[in-house]
2 protein chains.
Amino acid sequence: MISEELLKKYRAVEVHLKKKEVLFNVGVNARYFFQVSTGKIKMNNFNEDGKEFIQGIFPPGSSFGEPPLFAELKYPAQAEAVEESSVWRLEKESFFKLLRENPETHLKLTKVLAGRLHYKATMVAEISTESPEHRLLKLIDYFKTHIHKIPEEEEYLVELSRQQMADLTGLRVETVIRTIKSLEKKGVVQLKSHKILR
Amino acid sequence: MISEELLKKYRAVEVHLKKKEVLFNVGVNARYFFQVSTGKIKMNNFNEDGKEFIQGIFPPGSSFGEPPLFAELKYPAQAEAVEESSVWRLEKESFFKLLRENPETHLKLTKVLAGRLHYKATMVAEISTESPEHRLLKLIDYFKTHIHKIPEEEEYLVELSRQQMADLTGLRVETVIRTIKSLEKKGVVQLKSHKILR
DNA sequence: TATTGTTTATGACCTAAATCATAAGAACAA
DNA sequence: TTGTTCTTATGATTTAGGTCATAAACAATA
């Protein structure tokens, strides 16, 4: 997360997005650095027959879509506003200038990328080899401990919908619903008026 | 890739690994920066019933296993020598000193992480939503254009075994073999004495 | 050049999760 | 208050890819 002062200093501008508005598409070249100011942005893919995969959901303060900026690559996914949002947009050149002139910020950003790589490595191994039960528990636990940093013994109320969990784990809604039910029966998660507790 | 002079200057040492030897395990804390000197290292996971997933295969010059170093996390996968290999090993503290004192190297490393994040984002979307055919073609094309940087019109001889392709895409060997055959029938890849050309 | 191991190949069969259909409950807007 | 839409729920059916078994082709080693 880059501070607002710093962003403003390097001439970042705020861009407004309506719910479901797309900020950038798959396959285009990256020209800007983005950081969520308000709302929520997701990065996602669709296959030929419309099945969605969610790469990540970014709350205020998170940057997203930086890799193609560094590696001169095209966006592997699109960015879309989950709800009405605004994002800071910084020109690529200014962004690199900012990094050069603020080594501490560069290191912080490297740490963010490292964290994201860790999440992806975890999830891709899950998705490619594990059962729906295992995948969903891993997802829930990852959000609990790494995203929200909630201590093991404390209760965590999952804020994701069944559909979002499906799109994050490569499953189908029905499978998520059935699996969550069965996890409840086993007592590994609780359900309070459809909300998942763990 | 960090130059050998620089590595030596910061007191990196060379570690020798026999084929199949494990350098570090899942779940342990990262204490060193590693870069392949000779041979080939893979990072991989195994699920309960022994199914493997390959996170990446690293040739000489590539570093690997940096994310937990930055983000204070545990290794999400193990590192194992594919063949007899040697790797440079640099103490965590020396590594960060090196980065601070060599901003250009820090930027180069950030680019490496960005590239790897791009690969993972691409593959996880494939694995979670696409057919075996699509997954394998994407894998082959990714290796052709991004790893080996071979121009579109030139022919690429896939150096991966069917088993490795299976472990990189979350499929089973038999499925890879059958799918490659069917891709050959369709004329989208060629087979020359079992080697795949694209 | 026999032997052992690894990789590629193929058929038969089976199963977990996707698909399809339908509906009830919640949330939101008019 | 009544539509409208989104989310959760559940049963029936289908199917793609996994599993199992067996073998040929090839490579590596003694």
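Chain letters run A, B, ... following the sequence lines, proteins first, then strands; residues in each count from 1.
A close approach under 4.0 Å does not occur between any side-chain nitrogen or oxygen of B:Thr175 and OP1 or OP2 of D:dG17.
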With the criterion being N/O to N/O and under 3.5 Å, what pairs connect the protein with nucleotides 6-9 of chain D, and how long is each?
unit_1 : atom_1 : unit_2   : atom_2 : d
D:dT8  : OP1    : A:Arg162 : NH1    : 3.4
D:dT8  : OP2    : A:Arg162 : N      : 2.9
D:dA9  : OP1    : A:Lys181 : NZ     : 3.2
D:dA9  : OP2    : A:Arg162 : NH2    : 3.4

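Distance NZ/B:Lys108 to CG/B:Asn102: 10.0 Å, rounded to 0.5 Å.
Around atom NZ of B:Lys97, no more than 12 heavy atoms belonging to other residues, nucleotides or ligands sit under 6.0 Å away. B:Glu152 CD: 12 or fewer foreign heavy atoms inside a 6.0 Å radius.
Applying the ring-ring contact (aromatic ring centres under 6.0 Å, His included) rule to pairs touching residues 173-198 of chain B yields nothing, sequence neighbours excluded. Identified under the ring-ring contact (aromatic ring centres under 6.0 Å, His included) test for residues 74-94 of chain B, with sequence neighbours left out: B:Phe24-B:Tyr75. Among residues at least two apart or in separate chains, side-chain hydrogen bond (donor to acceptor under 3.5 Å, both in side chains) pairs with a member in residues 155-173 of chain B are B:His148-B:Glu159, B:Glu155-B:Gln190, B:Tyr156-B:Glu159, B:Gln163-B:Asp167.
On the nucleic acid side, DNA chain C contacts chain B at distances under 4.0 Å to non-hydrogen atoms, with the end points of that region at C:dT8 to C:dA12.
To the nearest angstrom, C1' of D:dG17 lies 18 Å from CD1 of A:Ile127. Distance CZ (B:Phe53) to P (D:dG18): 14 Å, rounded to an integer number of Å.
B:Leu109 and B:Ser63 get closest at one heavy-atom pair: CD1-OG, 3.9 Å.
Ring geometry, B:Tyr119 versus B:Phe143: the interplanar angle exceeds 60°, so the pair is classed perpendicular (tilted spans 30 to 60°).
Taking the side chain as every heavy atom from C-beta outward, A:Val82 and A:Ile41 never approach each other to under 4.5 Å.
Relative to the axis of its first five pairs, the axis of the last five pairs of the helix from C:dT1-D:dA30 to C:dA30-D:dT1 sits at 50°, rounded to 10 degrees.
With hydrogens and angles left out, the side chain of A:Arg178 and the base of D:dG11 share a donor-acceptor pair within 3.5 Å.
Taking the ring centroids of B:Phe95 and B:Phe70, they lie under the 6.0 Å cut-off.
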